[in-house]
Amino acid sequence: MSSKYRGRIAPTPTGYLHLGHARTFWIAMQRAQEAGGHLIYRDEDLDPLRCKPEFALGAVEDLRWFGCNWHEGPDVGGAYGPYRQSERHERFIDAWAKLKNEGFIYPCNKSRKDVARAAQAPHQEEEFVEPIYPEKWRPPYNHYKKVECPGASNWRFRLPQKRTIEFNDLRLGHCAFECLSDFGDFLVWRKDGVPAYELAVVVDDAAMEISEVVRGEDLLLSSARQLLLYEALELKAPDFFHTPLLSDMAGQRLAKRNQSLTLRELKHAGHSPNSLRLSKEWRTGLNP
Ligand code: GLU
């Protein structure tokens with residue numbers, strides 16, 4: 001009997017992948033293998049300015065070198081290539097229209113800076129806390145219900161009042177985030193004409209029938225946001241498994257922006273995938 005497990009790895013090609021990505025994708029691959037399921041590769045290449053084809057190609061090459069493999073995708077020269085979000089625009093527009101017609105989202109022309117300035121975020125020092133979009137800036141529903149396309153506006157999801165989003169993470173257990181306190185009205189569409197991450201990922205995970213999402217712990221709040229989108233779009237939500245974040249030697253979390261060691265640099269420095277998987281950095285935060 002074939003397993004119903006369907007997982008995915010979904011890098012954003014805005015830079016070369018680092019060891020933290022490799023570890024998350026490795027865990028995703030192992031979980032798919034253990035469940036006898038399928039793993040899909042999806043290139044999250046929606047940001048027209050920051051995503052570059054060389055990073056998309058680099059990610060595939062580096063992950064293959066590292067030993068990751070996946071089981072589904074368009075045929076590229078006899079191997080499975082990634083699905084590309086940039087080729088799936090129509091699905092995203094349909095989701096935008098449903099959310100707009102049912103009053104879940106509204107246009108917004110405030111910048112991130114405006115929001116940060118207006119919201120007196122009390123816990124700005126805490127890593128995952130964001131400034132909350134002021135409710136008084138929401139336009140009345142009848143101001144935009146006839147709009148036929150997203151246009152050159154950002155669109156935000158109108159969070160419900162007094163609602164706690166709860167889910168059972170398969171590694172962390174019970175998680176709970178309070179709407180309008182832990183997170184505010186979030187972006188679903190960007191004024192440069194592409195869906196925001198939260199919307200694109202939900203539409204694609206549902207369309208690809210993903211049963212379990214494996215991703216870094218830094219995206220826990222995103223999972224809460226995404227559960228609201230699954231509900232509004234009447235789609236089945238997957239299970240979640242959030243992986244611990246990997247730190248460098250100095251104890252700093254690895255991220256593209258802090259120029260951490262990339263798989264590419266590690267390879268050129270003579271490390272083998274196996275030695276990297278035995279390294280102290282790799283094992284930190286994982287169960288023995
Ligand atoms: N593309 C996202 C990133 O690279 C991850 C998406 C996800 O796993 O949901 O951060």
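The basis for the numbers below is simple: all heavy atoms, side chains too, and nothing from hydrogens, waters or symmetry mates. Along the sequence shown, residues are numbered consecutively beginning with 1. The structure displayed is predicted, hence computed values, not measured ones. Atoms within a ligand are numbered from 1 in the order they appear, just like the ligands themselves.
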Across all chains, not counting sequence neighbours, the side-chain contact (heavy atoms from CB on, under 4.5 Å) partners of N109 are S153
Determine whether the side chain, the backbone, both or neither of Q85 has a heavy atom under 4.0 Å from any heavy atom of ligand 1.
neither
Heavy-atom distances under 4.0 Å decide this one: backbone, side chain, both or neither, for T12 against ligand 1?
both
Over 12 foreign heavy atoms within 6.0 Å of CZ, R64:
yes
At less than 4.0 angstrom from any non-hydrogen atom of [X], what atoms of ligand 1 do you find?
{"X": "Y197", "answer": "6 (C), 7 (C), 9 (O)"}
{"X": "R8", "answer": "7 (C), 8 (O), 9 (O)"}
{"X": "V201", "answer": "9 (O)"}
{"X": "R215", "answer": "7 (C), 8 (O), 9 (O)"}
{"X": "A10", "answer": "1 (N), 2 (C), 4 (O), 5 (C), 6 (C)"}

Quick one: are the ring centres of F177 and F183 less than 6.0 Å apart?
no
Proximity of F66 and W282 rings by center, below 6.0 Å
yes
Please determine whether a side-chain nitrogen of the Lys or Arg among E281 and R23 lies less than 4.0 Å from a carboxylate oxygen of the Asp or Glu.
no
Can you give me every donor-acceptor pair (side chain of residues 195-208, partner residue at least two apart or in another chain, under 3.5 Å) with its distance?
unit_1	atom_1	unit_2	atom_2	d
Y197	OH	R215	NH1	3.2
Y197	OH	Q226	NE2	3.3
E198	OE1	Q226	NE2	2.8
E198	OE2	S222	OG	2.9
E198	OE2	R225	NH1	3.0
D204	OD1	R88	NE	2.7
D204	OD1	R88	NH2	3.0
D204	OD2	Q85	NE2	3.1
D204	OD2	R88	NE	3.4
D205	OD1	R8	NE	3.0
D205	OD1	R42	NH1	2.8
D205	OD1	R42	NH2	3.0
D205	OD2	R8	NE	3.4
D205	OD2	R8	NH2	3.0

